[in-house]
Amino acid sequence: MQNPTELHRDVLAWYDEHARDLPWRRPDTSAWGVLVSEVMLQQTPVSRVEPAWHRWMAAWPAPTDLAAAPAAEVLRAWDRLGYPRRALRLRECAQAIVAHHGGRVPGTEAELLALPGIGSYTAAAVAAFAYGRRVVVLDTNVRRVLGRLFDGHALPAPSLTQAERQRAAARLPAHTPDSVRWNVGLMELGALVCTARAPRCEACPLRGYCAWRRAGRPADPHAGLRRRQAWHGTDRQARGKIMALLRDRPDGPVSEEEVLRAVADGADPAALADPGQPARALASLVTDGLVAPADSDDGGVAAYRLP
DNA sequence: AACGCGGGGCC
DNA sequence: GGCCCAGCGTT
């Protein structure tokens with residue numbers, strides 16, 4: 001094994017040369033801009049986040065602005081980034097920042113972790129990338145890179161283990177500015193070179209000492225056991241259709257009949273076999289606060305709108 | 001630890 | 001058609 005300093009130097013040098021020019025990495029981006037980007041990037045690819053982030057920051061450049069925005073407007077701006085509950089939580093996060101931190105994004109992991117929609121990854125990412133703190137940032141990219149480099153595993157285990165946390169902490173560069181570039185450098189390496197599907201090992205700065213490559217790039221030991229996300233015919237798809245319909249109708253409530261018909265529209269046979277699904281999906285959206293009952297323009301008929 | 005939760009792009 | 005994507009909150 002090479003000494004830690006050499007590994008650090010290789011990652012930092014690679015990052016300095018190959019880093020993408022993403023808007024939330026610009027030095028003049030506010031901590032709020034970084035936080036917004038991190039929430040949007042939770043399970044949504046960079047390519048789809050970038051335009052949404054620009055529009056979002058233009059509309060609500062500070063926590064105070066988003067905190068005062070109507071939820072329906074926020075959900076429409078979220079558009080099709082997916083997991084729209086993230087938009088509501090981001091708004092609640094802004095309100096908590098106003099209520100408890102004077103409208104300024106807090107800088108410690110513990111304070112960030114206490115905010116709605118901010119988990120262990122996002123808290124660490126904001127502390128590191130917005131405030132330059134020396135913290136362990138472990139996202140799916142970093143987990144995959146470290147797992148290949150040191151464990152020889154193709155892909156990380158389904159859930160983050162304590163051993164991974166400790167190993168990542170032990171490998172973190174001692175100096176503060178280096179630790180930030182190490183974190184973002186490993187993430188960038190995972191996004192551009194050490195990818196999940198078709199890694200470009202020939203372009204990797206760590207190819208000389210990667211356990212996975214040395215072992216002949218064996219297949220994922222968890223293959224087949226990995227959690228798969230169902231979509232066609234599921235409640236999730238039904239919820240997505242309802243949200244898309246209500247997003248596109250800013251002028252007024254939509255009757256329950258039309259909402260339920262939109263779900264059945266183009267549904268696959270599996271969904272049609274469950275006639276209760278549309279109503280169930282709608283009810284769950286109301287429970288989650290993503291949809292609200294509304295007074296129909298045709299009195300007495302149930303109708304719905306964005307909250 | 002396991003599950004629910006969007007949506008799209010890529011092989 | 002399966003898999004992946006800068007995860008979080010709940011149970």
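Below, read A as the first sequence line, B as the second, and so on, with proteins coming before strands; counting in each chain starts at 1. This one's a predicted model, so the numbers in the text were calculated from it and none came from an experiment.
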Mind checking side-chain contact (heavy atoms from CB on, under 4.5 Å) for Ala123(A) and listing every partner two or more places apart, or none if nothing turns up?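 Expected list: Leu112(A), Leu113(A), Ile118(A).
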Whether over 12 other heavy atoms sit under 6.0 Å from [X] [atom1]:
X         : atom1 : value
Glu258(A) : CD    : yes
Arg104(A) : CZ    : no
Glu17(A)  : CD    : no
His54(A)  : NE2   : yes

Heavy atoms, side chains only, cut-off 4.5 Å: are [X] and [Y] in contact?
X         : Y         : answer
Met187(A) : Asp139(A) : yes
Leu7(A)   : Trp182(A) : yes
Val180(A) : Asn183(A) : no

Does Leu155(A) or Arg89(A) map to a spot on DNA chain C nearer the 5' end, using the closest nucleotide for each?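 Its nucleotide being nearer the 5' end, the pick is Leu155(A).
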Decide side chain to side chain contact (heavy atoms under 4.5 Å, CB included) for Arg133(A) and Glu109(A); before the verdict, give the C-alpha distance in whole Å, the side-chain angles of both, and the deciding distance to 0.1 Å. CA-CA 9 Å; Arg133(A) 305 215 183 227; Glu109(A) 267 188 292; over 6 Å; no
P atom, dG8(B) versus dC8(C): distance in rounded Å?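 Each nucleotide's P atom is 23 Å from the other's.
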If we take the P atom in both dC11(B) and dA6(C), what is their distance in whole Å?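 Straight-line distance between the two P atoms is 15 Å.
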For DNA chain B, determine which residues of [range] have any heavy atom closer than 4.0 angstrom to one of its atoms, and list them numerically.
range                       : result
residues 76-85 of chain A   : Arg80(A), Leu81(A), Gly82(A), Tyr83(A), Pro84(A), Arg85(A)
residues 111-144 of chain A : none
residues 28-50 of chain A   : Gln43(A), Thr44(A), Pro45(A), Arg48(A)

Distance under 4.0 Å to a non-hydrogen atom of chain A counts as contact; along DNA chain C, which nucleotides mark the start and end?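 Span of nucleotides near chain A: dG2(C) to dG9(C).
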Which part of the nucleic acid, if any, lies within contact of Arg280(A), taking any heavy atom under 4.0 Å across all strands shown: a base, the sugar-phosphate backbone alone, or nothing?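 Answer is nothing: Arg280(A) stays at 4.0 Å or more from every strand.
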Where at least one partner belongs to residues 19-32 of chain A, residue pairs that pass salt bridge (charged side-chain N to carboxylate O under 4.0 Å, His left out), sequence neighbours excluded: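 Passing the test, one end in residues 19-32 of chain A: Arg20(A)-Glu188(A), Arg25(A)-Glu188(A), Arg26(A)-Asp28(A).
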Tell me the interatomic distance from [X], atom [atom1], to [N], atom [atom2], rounded to whole angstroms.
X         : N       : atom1 : atom2 : result
Leu88(A)  : dG6(B)  : CG    : C1'   : 14 Å
Arg239(A) : dG4(B)  : CZ    : P     : 12 Å
Arg236(A) : dG7(B)  : CZ    : P     : 9 Å
Leu192(A) : dC10(B) : CG    : C1'   : 16 Å
Gln237(A) : dG4(B)  : CD    : P     : 16 Å

Does one side chain, of Thr108(A) or Glu111(A), offer a donor that lies under 3.5 Å from an acceptor on the other?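 Per modelled atom types, Thr108(A) and Glu111(A) side chains form a pair under 3.5 Å.
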Select from Arg197(A) and Pro158(A) the residue whose nearest nucleotide in DNA chain B is closer to the 5' end of that strand.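 Nearer the 5' end of the strand: Pro158(A).
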Quick check on the hydrophobic clustering: are Leu282(A) and Leu306(A) connected, directly or via other members, by side-chain heavy-atom contacts under 4.5 Å?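 Cluster IDs for Leu282(A) and Leu306(A) match.
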Going by the angle between their ring planes, with limits at 30° and 60°, are Trp60(A) and Trp56(A) parallel, tilted or perpendicular?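 Rings of Trp60(A) and Trp56(A): perpendicular, over 60°.
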Taking all non-hydrogen atoms of both residues into account, name the closest pair between Glu38(A) and Phe129(A) and its distance.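 Residues Glu38(A) and Phe129(A), closest heavy atoms: OE2-CD1, 3.6 Å.
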